[in-house]
Each structure stands twice: as structure tokens, then as C-alpha cells.
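Naming: A, B, ... by sequence-line order, numbering from 1 per chain.
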Amino acid sequence: MEIVGTYVRPGSVAEAEAIQEELRSRLRFAPLAARPSTVAGLDVAYAGDGEGDGLVAAAVVVLDAVTFEVVDQAVSVERPSFPYVPGLFAFREVPALLSALRALRTEPDVLVCDGHGLAHPRRFGLACHLGLLTGRPSFGVAKTPLLPASVPGAERGASTPLLLDGEEVGRTLRTRPGIRPVHVSPGHLVDLDSCVALTLALTPEYRLPETTRKADALSRVTLKEALSATS
DNA sequence: GCGACAG
DNA sequence: ATCTTGTCGC
């Protein structure tokens, strides 16, 4: 798919935070124009640690929004170029994810990211970053909160707001009865209600969206193959 | 000041 | 994220 933005690699934590503060003013939010026909899931698997060593395998899987069948997919294996820092997580994953997205031959209607969007200390999580760089609607579904979260009801679909300065920036959503909820937040070009509805549509059976489940599996096998090819 | 902190 | 045995369940 086409990448419309340019990724800027920060040279320091302070610079990374400044980039987030600057970029967040470009975010736009609105209900999804139409029911998406294809949905992309993104995920990354790691080997090793630091920045110079280690490997990062990014995977993108595009699913038919109705049948969940895979209509396209792409991967990329690179060296991590930024350390893991909570809140700056995107700078570690975005480069490899962009490479994978670029290799896609289709234009997915929405990107589902494995991490946060607006539900972030500076309101600029991974999903926001990827949304801006691709110019496509995007949102995040995270397994653990970055902001204080409260416990929703035990039934599927129950949710509680994720608040930042009194504003609802995301929602803690139960996708499976009695199972740990996920944390959903808009990235770019979607609104919170659309994200939540889509997340529920993508979780007919498991806690996590089918998109991220498939991307997770692909990123792992890709990493494993890359490791065996290197050794 | 100290710890906690998406993946 | 990743490191890991057995174990419960469909």
C-alpha cells in the first residue's frame, strides 16, 4: 500500500516526545464513512534485545471484514532502531511495520494495531503514528493499559471509559465474558464508537481481534525463519 | 526521591 | 516482547 508520510527517527527520548507532541495536532477523528470491506492487523515479534543486535519481525495481515479470510499479507525483518521505552513504543515498531505495509499490494480500509492510540500519556500511541504515516483509518487494541483503567462488567460488550484529564480517550472493553478486557482507542480518521464496534465485530471467538491474532502468528513464524536462516 | 510503565 | 512444564479443555 501507499505510505504518504515520512518517518522521522528520533535521536533521543526528548526528541521522540517532541515528535509525538508535534504530530498529534494533525490527528482527525470521525465515524467511519462506510462499513470497511477489508481490515488489516499488525504485529511484531522480537529476538534478542538492544538496538544494534536483535531482530524485529513485523507482519501485516489483511482480512475480508466479513469472512475473515486472508486477502493479502506482507512481512519485514529489520534491526530495532530504538530501545523499548513505555510511551515511545512506536519508535521501536513503526519502521519495520511501514516496510511491511509498503509491501502490501492492497489498500486496507482500516488498520488494527497491537497497542494504544489516543489512550496514551501524550495522546499519541502507535495507532496514531501509523494512521498519520499511512493516511488510513487506524486504531489500537492493547492487552494492558497505559493509563489507569477500571473494570467493566463481566459480560461481552461491557466497557468503561479510559480517561485522560477528564476526557474519554479510549475504552476498556470486555470481548469475552469473564476474561480480561482489552483497551481500545482511536488512532486516526476513526472515532471511539467505531473502534469499539469494529473490535467487537473482530472478536467473535477470542479475546483479541482476528486481525492481531493472525498478524501475531505470522510475525512469529517470520522471526523463526529469519533466525534459522541467519544461524 | 522511588517505582510503574503499550510491546 | 521473551524465557518456560505441565495442565485444563474443546
Atom pair CD1/CZ of A:I3 and A:R136 - distance to nearest 0.5 Å: 10.5 Å
Atom-to-atom span, CZ of A:F91 to P of B:dG7 - whole angstrom: 17 Å
Nucleotide of B:dA6, B:dG7, C:dT2 approaching A:H120 most closely (side-chain heavy atoms): B:dA6
Atom pair distance, as rounded to whole Å: OH in A:Y206 and P in C:dC10: 13 Å
Salt-bridge present (A:R123, A:E167; N to O < 4.0 Å): yes
Protein-nucleotide distance (A:L126, atom CG; C:dA1, atom C1'), rounded to Å: 14 Å
Check: A:F89 and A:H120 side chains under 4.5 Å, non-hydrogen atoms: no
Touch class at under 4.0 angstrom, heavy-atom based, for A:A45 against every strand present: sugar-phosphate
A:R9 to A:F91 six-membered ring, cation-pi geometry met (6.0 Å, 45°): no
Whole-Å distance separating the NE2 atom of A:H116 from the P atom of B:dG7: 6 Å
Sugar-phosphate, base or nothing in reach of A:G140, heavy atoms under 4.0 Å: nothing
Minimum-distance nucleotide to A:R220 side chain [options: B:dG7, B:dC5, C:dT2]: C:dT2
A:F139 side chain reached by A:S185 side chain, heavy atoms, under 4.5 Å: no
Integer-rounded Å distance: B:dC5 P and A:L147 CG: 13 Å
Distance, rounded to the nearest Å, where A:L130 contributes CG and B:dG7 contributes C1': 13 Å
Separation of C:dC3 C1' from A:Y46 OH (nearest whole Å): 17 Å
Touch class at under 4.0 angstrom, heavy-atom based, for A:P121 against every strand present: nothing
Short side-chain N/O contact from A:Y84 to OP1 or OP2 of B:dA6, under 4.0 Å: yes
Under-4.0 Å side-chain N/O to phosphate OP1/OP2 contact, A:T144 with B:dC5: no
Phosphate-side-chain proximity, A:K143 and B:dA6, N/O vs OP1/OP2 below 4.0 Å: no
Whole-Å gap separating C1' (C:dT2) and NZ (A:K224): 13 Å
Touch class at under 4.0 angstrom, heavy-atom based, for A:L88 against every strand present: base
